[in-house]
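Taking it in order: structure first as structure tokens, then the write-up.
Proteins get letters first, then strands, A, B, ... in listed order; numbering begins at 1 in each.
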Amino acid sequence: MFEARLLKSSILKKVLEAIKDLLTQATFDCDDNGIQLQAMDNSHVALVSLLLRADGFDKYRCDRNVTMGMNLGSMTKILKCAGDKDTVTMKAQDNADTVTFVFESPNQEKVSDYEMKLMNLDLEHLGIPETEYSCTIRMPSAEFARMCRDLSQFGESIVISCTKEGVKFSTSGDIGSANIKLAQTASIDKEDEAVIIEMDEPVTLTFACQYLNYFTKATSLSPQVQLSMSADVPLVVEYRIPDIGHIRYYLAPKIEE
Amino acid sequence: KGKQATLMNFFKKK
């Protein structure tokens, strides 16, 4: 038996919003520790790694490991039926071929359940080694979303260059070029609004704008985003979801031809 | 501009 209850369905709605442009289907792996998902987009350029820890749920029970292959389009349709203030419970029997979503309004006057067929997905998993990154940049997630949106008007790629002076995001295209430089926040009063740059080695890497824009669909999950970079390895864009886990996106860089 | 790499250029399949 698997059962996981969240007081706020909005977290699950936002998680889905954050992955559905990249993935059409994905496997949710549930065990004692919580729910994990790892999946690549069709072109194998980006990878989503989601963790929702058991202790972040209002109620969590998982007697046996459960693997649930879900069509994310269908899951999106179902979650649209939940009110933002509804609680949501996901339930599945051991070895079941369906999952049930139960939505309850705050006063319990409305209870709805939606059963969805599961899929047998044979998706490739990648082993991601623990990595010490040369540069990590923390910044307000809304600022990162704004930059990606602004720069993607000019070109298809964004060059991210992190040096001891700060971090620079650049692009160029038919109409011209654009650069945004961010320096570390001088005095940190509010941590959520700070830009914090840690750099051991300077790094410059180039990434496709389109994917960065997909990642920013996670903005509402967290006030801050962290970018981790090292030379010649994928970028990690991490949104920490308060009290429950994180969503990480890995993006392969563009390389010299 | 560079060529788009894939994740398999960096990570091994499990």
Does CG belonging to D122(A) count more than 12 external heavy atoms closer than 6.0 Å?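 Count not over threshold, so no.
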
Tell me, yes or no, whether the heavy-atom count around D150(A) atom CG, taken from other residues, nucleotides or ligands under 6.0 Å, exceeds 12. yes

Side chain, backbone, both or neither: which part of F11(B) has a non-hydrogen atom closer than 4.5 Å to chain A?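 Both parts, backbone and side chain.
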
Heavy-atom distances under 4.5 Å only: say whether K12(B) touches chain A with side chain, backbone, both or neither. backbone

To the nearest 0.5 angstrom, please state how far the [atom1] atom of [X] sits from the [atom2] atom of [Y].
X	Y	atom1	atom2	result
I255(A)	F10(B)	CD1	CZ	6.0 Å
M40(A)	M8(B)	CE	CE	3.5 Å
F207(A)	Q4(B)	CZ	CD	9.0 Å

For the residue pair L126(A) and K14(B), what are the closest heavy atoms and their distance? O-CE, 3.7 Å

A5(B) versus A252(A), closest heavy-atom pair with distance: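 Closest pair (atom of A5(B), atom of A252(A), distance): O-CB, 3.3 Å.
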
Donor-acceptor contact present, side-chain E256(A) to main-chain K3(B), <3.5 Å: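 Judged by distance alone, no pair lies under 3.5 Å.
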
How about P234(A) and L7(B): do any of their side-chain heavy atoms sit closer than 4.5 Å? yes

For residues 15-24 of chain A, which side-chain donor-acceptor pairs fall under 3.5 Å, sequence neighbours excluded?
residue: D21(A); atom: OD2; partner: K217(A); partner atom: NZ; Å: 2.8

So which of L47(A), L251(A), I128(A) has the biggest tally of heavy-atom pairs under 4.5 Å with chain B? I128(A)

